[in-house]
Novice: 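Quick one: this structure, given as structure tokens, is what I'll be asking you about.
Side chains are part of it too, since the values below use all heavy atoms of this structure and drop only hydrogens, waters and symmetry mates. So you know, we letter chains A, B, ... as the sequences are listed, proteins then strands, and number each from 1.
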Protein chains: 2
Amino acid sequence: MNETPKSFEALEARITEDYPSLSRRLQQTARFLLDHPQKVAFATVAKLAQEAEVTPSTLIRFANSCGFKGFSDMQELFRSRLVDELPNYTERIRAVLTATGEAPDSTQLLWEFAEANRDALEQLPGRIDPKHLEQALDILENAEAIHVLGARRSFVVASYVTYALHHIDKRAFLVNGLGGMYGEQMRAIGSDDALIAVSFSPYAEESRQAAEQAHERGIPIVVITDSSLSPMARLADVALVVHEAEVKSFRGLTASLCLTQTLAIALGMRKDKTLAPSSGAGDQEHA
Amino acid sequence: MNETPKSFEALEARITEDYPSLSRRLQQTARFLLDHPQKVAFATVAKLAQEAEVTPSTLIRFANSCGFKGFSDMQELFRSRLVDELPNYTERIRAVLTATGEAPDSTQLLWEFAEANRDALEQLPGRIDPKHLEQALDILENAEAIHVLGARRSFVVASYVTYALHHIDKRAFLVNGLGGMYGEQMRAIGSDDALIAVSFSPYAEESRQAAEQAHERGIPIVVITDSSLSPMARLADVALVVHEAEVKSFRGLTASLCLTQTLAIALGMRKDKTLAPSSGAGDQEHA
DNA sequence: GGGGTAATGGAATAAAAATTCCATGCATAC
DNA sequence: GTATGCATGGAATTTTTATTCCATTACCCC
């Protein structure tokens with residue numbers, strides 16, 4: 001047996017290394033521990049065992065297999081890790097920012113971005129009108145298939161929406177303009193389908209044109225954009241307006257992703273409710 | 001006796017207020033608690049008593065005098081402080097959630113997602129090792145061009161990275177496997193280039209193979225993944241591990257996006273510093 | 001200075017938690 | 001099939017930790 005890890009990082013490395021050779025339950029334990037170091041620091045063996053869905057014995061065995069005398073011994077490392085971390089978020093940013101020269105610029109930046117995006121997310125739910133959200137869901141629910149349009153920065157969101165829709169078993173197509181075929185892809189939209197158009201400033205012309213075309217055909221359109229003044233908004237049956245974080249003139253996407261994630265899961269829950277009123281939406285794995 | 005404090009802040013206020021009227025030992029205890037909240041969160045009554053140079057009984061008495069049922073009860077607040085920092089937000093969610101019938105499910109869900117993603121973002125900067133971040137930037141800075149690999153859910157992140165890199169005028173290519181040409185695209189990577197591989201559970205086999213191939217060729221690899229147990233992690237020159245929010249078995253992407261955003265901008269700032277030391281990174285528009 | 005009151009320390013007790021141990025299950029090799 | 005070895009769950013045990021209680025001390029008012 002190797003020597004026992006002396007720091008959290010060492011433990012992490014050790015677990016990573018040993019992982020493949022561990023038994024099923026011990027692997028399960030390993031994953032839980034690395035995924036929830038926070039909880040491990042505080043909770044008791046019994047509580048953790050319950051959460052990780054293993055028995056207390058397994059936790060102890062795991063600790064032993066890492067070379068610790070017992071679970072408590074291992075827990076020490078999880079705790080020491082938290083002690084190093086500063087308690088208050090804003091304080092910590094300030095600490096990093098003022099200690100110029102010590103912490104690298106990149107880490108300061110990471111704190112700034114995280115904080116800015118957190119702000120954006122905090123404001124998001126309050127700014128979205130519940131009525132609009134429901135209307136969007138109505139449209140999507142009634143659609144035979146959903147086509148998703150988004151260029152440049154919006155492409156990221158569009159591809160995520162498509163991915164998420166697939167996961168709830170909703171037919172979805174990403175209008176990606178591959179081979180310069182925006183027009184062709186848009187014409188392939190059936191009359192019972194719907195369109196989700198994502199568009200952020202500076203609004204890509206090709207997206208606008210494509211959306212206009214769909215609008216003329218009477219295809220229902222849900223627009224996700226960053227301003228109600230967006231040229232897309234007036235084409236929309238429902239427009240969802242998202243304010244993104246901005247750091248160093250660079251806009252984030254977290255709020256939009258959060259919104260689209262919600263759209264997809266809410267849609268999934270509606271489907272489940274229709275099909276089997278008793279079950280939840282929790283049956284897609286690792287989505 | 002007043003009611004028991006429900007948050008660490010409330011407790012702090014309460015102690016401050018009561019302080020003058022406390023006995024000598026209790027004052028001593030109060031000072032110790034406020035000076036070392038960190039320790040209080042973790043240690044046992046006996047240990048703390050020793051450190052504070054009072055007896056265990058005194059600690060218990062103190063907790064009781066603040067209105068708690070026992071010491072453990074009070075310790076809860078010291079712990080919760082280290083874990084979650086905003087009771088306001090959670091309260092708001094709960095308010096929305098309990099007012100069932102009024103707000104539609106979808107809006108509740110939006111609040112949940114926003115909160116979960118905020119959590120993920122809160123933990124992100126503390127979990128990323130500044131050294132790793134710098135190493136990743138070193139690799140990217142020295143690369144002639146950067147290739148970005150990511151399938152399925154990771155594709156969203158990969159395409160965002162590519163987009164962001166273009167915006168800081170770094171040559172970037174998205175390895176998208178279009179036409180089933182993963183192998184071909186990977187072989188097109190030059191010997192002075194670098195690879196960013198994004199991979200989340202369930203780890204896509206095609207990504208692993210592609211990364212393996214690059215690894216054998218000695219191409220520097222930066223991996224962005226959700227667990228240090230990821231099969232990609234061992235191929236990496238630097239592995240950045242991100243914990244994403246999870247609601248209803250559906251994982252978010254906000255933390256990963258935030259991290260990649262940071263990588264791109266930090267890289268941009270380095271370039272600017274090299275070219276014209278006086279200016280910042282703020283010259284790309286609406287990126 | 002004496003009697004009372006509140007504070008304190010420490011030992012005894014109760015509660016909770018960690019750990020051990022064994023019976024059972026499961027898979028694999030023969 | 002059967003036997004063997006490791007993995008697992010759960011109950012029993014031990015250890016640790018929190019709490020209570022009471023004897024002692026310090027302080028204050030009379």
Novice: Return the polar atom pairs (N/O with N/O) between nucleotides 23-28 of chain D and the protein under 3.5 Å, or none.
Specialist:
none

Novice: Looking only at atom types and distance, does a side-chain atom of N64(B) sit under 3.5 Å from a main-chain N or O of K69(B), one as donor and one as acceptor?
Specialist: yes
Novice: For S256(B), is there any backbone N or O sitting under 3.5 Å from a side-chain donor or acceptor partner on E244(B)?
Specialist: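 Side chain of E244(B) to backbone of S256(B): a pair is present.
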Novice: Say whether, by atom type as modelled, one donor and one acceptor occur between the side chain of Q75(A) and the main chain of A43(A) under 3.5 angstrom.
Specialist: yes
Novice: Main chain of A52(B), side chain of Q28(B): is a donor-acceptor contact present, judged purely on distance under 3.5 Å?
Specialist: yes
Novice: If I take atom CZ in residue F42(B) and atom C1' in nucleotide dT17(D), what distance separates them, rounded to the nearest angstrom?
Specialist: 17 Å
Novice: State whether S72(B) places a side-chain N or O below 4.0 Å from either non-bridging phosphate oxygen (OP1 or OP2) of dT19(D).
Specialist: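 Checking dT19(D) against S72(B), a side-chain N or O does come within under 4.0 Å of OP1 or OP2.
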Novice: Regarding E134(B) and K131(B), does a basic nitrogen lie under 4.0 Å from an acidic carboxylate oxygen?
Specialist: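 The answer is no: the pair does not qualify as a salt bridge.
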Novice: Heavy atoms, side chains only, cut-off 4.5 Å: are F62(A) and M74(A) in contact?
Specialist: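 Yes; the side chains approach each other to less than 4.5 Å.
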Novice: Roughly, in whole Å, what's the span from CG in D73(B) to P in dA18(D)?
Specialist: 13 Å
Novice: Please state how far atom NZ in K47(A) lies from atom P in dA16(C), giving the value in whole angstrom units.
Specialist: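 Atom-to-atom, K47(A) to dA16(C), this comes out as 10 Å.
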Novice: Quick check: do V222(B) and D237(B) have side-chain heavy atoms less than 4.5 Å from each other?
Specialist: no
Novice: Tell me: CD1 of I60(B) to P of dA7(C), nearest whole Å?
Specialist: 17 Å
Novice: Regarding R208(B) and E212(B), does a basic nitrogen lie under 4.0 Å from an acidic carboxylate oxygen?
Specialist: yes
Novice: Going 5' to 3' through nucleotides 8-14 of chain D, assign each nucleotide B (protein heavy atom under 4.0 Å from a base atom), S (under 4.0 Å only from sugar-phosphate atoms) or - (no protein heavy atom that close).
Specialist: BBB----
Novice: Is it the case that the side chain of R153(B) and the backbone of A164(A) share a donor-acceptor pair, with hydrogens and angles ignored and the cut-off at 3.5 Å?
Specialist: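 A pair under 3.5 Å: no.
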Novice: Which whole-number value in Å describes the distance from Q50(A) CD to dA18(C) P?
Specialist: 13 Å
Novice: How long is the line joining NZ of K69(A) and P of dT15(D), in whole Å?
Specialist: 11 Å
Novice: Rounded to whole angstroms, how far apart are CZ on F62(B) and P on dA6(C)?
Specialist: 20 Å
Novice: In whole angstrom, give the distance that lies between atom CD of Q75(B) and atom P of dA18(D).
Specialist: 7 Å
